Protein chains: 2
Amino acid sequence: MTNSKNARLKIVRPVRSGQTTEQVVARVYELIKSEHLKPGERLPPERELSKQLGISRPSLRAGLSSLISMGVLQSRQGAGTFLVDGPPALDSEPLRLLAQLHGFSFEHMFETRSILEVGAAGLAAERATGEQLATMSEEIAEMFAALKDPQQFLVHDVAFHRAVAVASGNPTLATLVEMVSAILYERRRETIDRAHDFNESLDLHRQVYRAIRARKPDEARAAMREHIVRAQRAFALEEEQQQSNLEQDRA
Amino acid sequence: MTNSKNARLKIVRPVRSGQTTEQVVARVYELIKSEHLKPGERLPPERELSKQLGISRPSLRAGLSSLISMGVLQSRQGAGTFLVDGPPALDSEPLRLLAQLHGFSFEHMFETRSILEVGAAGLAAERATGEQLATMSEEIAEMFAALKDPQQFLVHDVAFHRAVAVASGNPTLATLVEMVSAILYERRRETIDRAHDFNESLDLHRQVYRAIRARKPDEARAAMREHIVRAQRAFALEEEQQQSNLEQDRA
DNA sequence: TCTTGGAATTGGTCATGACAATTTGCGACG
DNA sequence: CGTCGCAAATTGTCATGACCAATTCCAAGA
C-alpha cells in the first residue's frame, strides 16, 4: 500500500547477504591497502568506527566478527581490536567445516598435504637460507630428544614441517600447508599415543633434511613424498587401534 | 631452546574474543555433524535459535555472520538461513586479505597454483571419469569458439582448470585450487584484453587433456606445469603493458 | 482456474544500556 | 623520590527491544 509500484526495483544480483557487513570488510580492506593500518596496530574503537561508517555498533560488530573469524583481526576486551601480526595464517575452521559438510576423507587430506609439502620441500631445497636450515635441524634434534614422548615428538614433527614450508620462500604455499596440516594435526594428537616406533619417521625426516641441505630438489621431493605416505599409513593404523579400543571399552 | 624464536608454538588461541560467537559456530557444527541438517536445508529462525542457545539475537547474528563469511551459510531476507548447497568452496576473501596484508606476490601465487594444479592433473590422469573427460573436452571446444573473445576465452579457460581439479577426485585439493585460482582470475580478467595470441595457450590445454585422457600422469603433470609457466609469463607481459599504458595515460 | 492482495514469517538494521576486562593515571606509602 | 595499589576511564561483550524490508503463503475475488 505505502509502496504501491515503486517496488519495481528488481535487484538483479542475488541478494547480497550483509550489505553492511560487506561494507565493513571493504572498509578495513581499504585501511590495510592504503597502509594506514599496519600489522599489529589497533583499529579505532568500535564506537568511533561505527560513526565513521555511519552504521550502528551491532552492525559494525557483525562485520568485525567476520574479519575475526577469518583470522585477520583479533580483539581483546578492554584493549581494542588489532590487525593480527606474526606469520601469515589462515584459519582452519572454514576448511574443517567444509570437510565435515561434504564428508571429505582423511585420505584426501593427506593426499593434498602430500602435494603441498612435496612441492614445498622441492622449493626449500632451492631456496632455504642458512637460518632456516638450522631451524629444521634443531627440530630434528628435538625429535630425537622426544623419542619417548609421543605428544612432544608430534609437536616438533609439526614444527619441522612448518619450517620446511617457510623455507620454500613462498608464503602463500606455507599458509596453505599450515591450514591443511592443522586439521590433521588435531586429529593425530588424539591417536598418536598408540604409535609404537618413531625411529622410522625420524629417519625419513632426516632424509628430507639432508636432501634440502644438499640442494637436491628431486631427492627432497621424493623423501617428503615417502615420508608422508608412511605417515598416512601409520595414522590409519592408529585410527584402527583407536577404533578397536573403543569397541573393547563398550564390551 | 636458548633460541627463543622457534620454540614458540602458540597453538592456543586466546578464546577471549567470541565466547558466544564460538558457541554458535560449535552449535551449527554439531547440527551438521549429527546430520540433522543437510546441505540446502534451512536453519531455525534466528529468534528461535537464539532462544535455544540462550543468547541474544545480535550475538547469534554475529556468529551466523561469521559462518556466512566462511561460506558455510547463506541467508535470504524473509526466507531464512540455509546451509550452502552446491560444490564445496572456500571463500577467497581471507586469502586475498592475507595476501594484501603481507604483500604476497603474484609470482608466489602462480607458483602455488602450479603445485596444486600439477598435482591435480596427475591425479586426474589416474582417476578421471568419462563424464569428467567430456567436460574438459567441451571446455576446450568452447575455447576454440572463443578465440576472438578474450573474456569468454578466459571463462572457459578457468572452467577447464576447474574440471581438471574436480577430476582429481580429491575435493580438498579442488577446493584449494579454486580458492587460489579465484584470486588470480580476478586480476587476470582486467588485463587479458591485452593478450595477443591464445593459440599457444589452447594448444597446451589440449596437451594436458590428451595426457589425462591417455592416463599418463607424468605427461599430464609436465604439460600442466609447462602451461602454467607460460600463463604466468603471459600474465607478467600483460601486467607490463597495462603499466606502460597507465603511464601513457598520465603523460 | 488464475490472479492478486495482504497478513504472517523471517532476516536486516538500529538505539540504548548494563557489564566485564584491560589500561592508565593518580595518590598513598615506603 | 620511587614504587606499589587501587580506582576511574577506556573499550570490547552481550542483552533487550523495536522497526523496516523482503519473502512466503493462503485466501478472496475476478
Side-chain angles (χ1 to χ4, degrees), chain A residues 1-28 31 37 40-84, chain B residues 12-28 31 37 40-85:
Chain A
M1 192 73 91
T2 53
N3 48 355
S4 51
K5 284 193 179 177
N6 57 358
R8 281 291 77 174
L9 299 178
K10 248 190 183 175
I11 301 178
V12 181
R13 290 184 298 185
V15 181
R16 285 280 187 229
S17 64
Q19 219 84 358
T20 53
T21 297
E22 203 172 88
Q23 189 182 347
V24 173
V25 174
R27 171 67 172 188
V28 173
L31 279 178
L37 196 60
E41 273 189 13
R42 217 195 66 186
L43 270 73
E46 292 186 353
R47 290 166 177 80
E48 184 182 335
L49 197 53
S50 66
K51 284 198 174 180
Q52 278 186 26
L53 300 185
I55 60 179
S56 71
R57 225 152 71 84
S59 298
L60 174 74
R61 283 182 55 74
L64 293 184
S65 137
S66 288
L67 288 165
I68 288 173
S69 78
M70 291 195 299
V72 177
L73 298 182
Q74 185 177 359
S75 62
R76 294 203 325 269
Q77 188 173 164
T81 304
F82 304 82
L83 255 184
V84 292
Chain B
V12 287
R13 68 169 29 176
V15 196
R16 316 159 182 273
S17 66
Q19 221 82 352
T20 53
T21 297
E22 201 172 274
Q23 190 183 345
V24 172
V25 174
R27 170 69 172 186
V28 174
L31 279 178
L37 199 59
E41 274 189 12
R42 215 195 68 185
L43 270 72
E46 292 186 352
R47 287 165 180 81
E48 184 181 338
L49 197 52
S50 66
K51 282 197 175 183
Q52 278 185 25
L53 300 184
I55 61 178
S56 71
R57 209 157 77 90
S59 297
L60 173 74
R61 284 183 53 75
L64 295 183
S65 147
S66 290
L67 288 165
I68 289 173
S69 77
M70 292 194 299
V72 176
L73 298 182
Q74 185 180 355
S75 61
R76 296 203 323 271
Q77 188 174 160
T81 304
F82 304 82
L83 259 184
V84 290
D85 198 358

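Excluded from the calculations below are hydrogen atoms, water molecules and symmetry mates; all remaining heavy atoms, backbone and side chain alike, are included. By convention in this document, chain letters (A, B, ...) are assigned in the order of the sequence lines, proteins followed by strands, and residues within each chain are numbered from 1. This is a predicted model, so every value here is computed, not measured.
Atom pair Phe82(A):CZ and dT22(C):P shows a separation of 12 Å (rounding to whole Å applied). When the C1' atom of dC14(D) is taken as reference, atom CG of Leu64(A) falls 15 Å away, rounded to whole Å. Atom-to-atom, CZ of Arg61(B) to C1' of dT13(D) comes out at 17 Å; the value is rounded to the nearest Å. Rounded to whole angstrom, the span from the CG atom of Leu49(A) across to the P atom of dG12(D) amounts to 9 Å. Atom P of nucleotide dA15(C) and atom NZ of Lys51(A) are separated by 10 Å, given to the nearest angstrom. Look at CZ on Arg76(B): it is 11 Å from P on dG11(C), rounded to the nearest Å. Whole-Å rounding puts the Ile55(B) CD1 to dT13(D) P distance at 14 Å. Atom pair Leu60(A):CG and dC14(C):P shows a separation of 10 Å (rounding to whole Å applied).
Nucleotides of DNA chain C nearest to Gly78(A) and Leu43(B) differ in position, and the one nearer the 5' end is that of Leu43(B).
Counting non-hydrogen atoms under 4.0 angstrom, Glu46(A) reaches a base of the nucleic acid. Contact annotation for Gly54(B): backbone-only contact, meaning every heavy-atom pair under 4.0 Å involves sugar-phosphate atoms and none involves a base.
Contact annotation: the side chain of Ile68(A) never approaches that of Gln74(A) to less than 4.5 Å [non-hydrogen atoms, C-beta and beyond].
Distances were taken from every side-chain heavy atom of Pro58(B) (C-beta onward) to each of dG17(D), dT23(C), dT11(D); the shortest belongs to dG17(D). Side-chain proximity of Thr81(B) to the nucleotides dG11(C), dT13(D), dT22(C) is greatest for dG11(C). Proximity note for Gln77(A) (side chain, C-beta onward) versus dT23(D), dA15(D), dA20(C): the nearest is dA20(C). When each of dT10(C), dT13(C), dG11(C) is scored by its nearest atom to the side-chain atoms of Arg42(B), the top-ranked nucleotide is dT10(C).
When atom types are taken as modelled, the side chain of Thr20(A) and the backbone of Ser59(A) share no donor-acceptor pair closer than 3.5 angstrom.
At a cut-off of 3.5 angstrom, counting only N and O atoms as typed in the model, there is a donor on one side and an acceptor on the other between the side-chain of Arg57(B) and the base of dG12(C). Applying the 3.5 Å distance criterion, the base of dG12(D) shares a donor-acceptor pair with the side chain of Arg47(A).
Here the rule is side chain to side chain contact (heavy atoms under 4.5 Å, CB included) with Leu67(B), and of Thr21(B), Val84(B), Leu43(B), Leu73(B) only Leu73(B) fits it.
Proximity of Ser59(A) to the phosphate of dT13(C): no side-chain N or O atom is located under 4.0 Å from OP1 or OP2. At dT13(C), none of the side-chain N or O atoms of Ser56(A) fall inside 4.0 Å of OP1 or OP2 (strictly under the cut-off). Proximity of Ser75(A) to the phosphate of dT13(D): a side-chain N or O atom is located under 4.0 Å from OP1 or OP2.
Put simply, CG on Leu60(A) and CD1 on Ile55(A) are 5.0 Å apart, with the number rounded to the nearest 0.5 Å.
Between Ser75(B) and Thr81(B), the shortest heavy-atom distance links the atoms CB-OG1, 3.5 Å.
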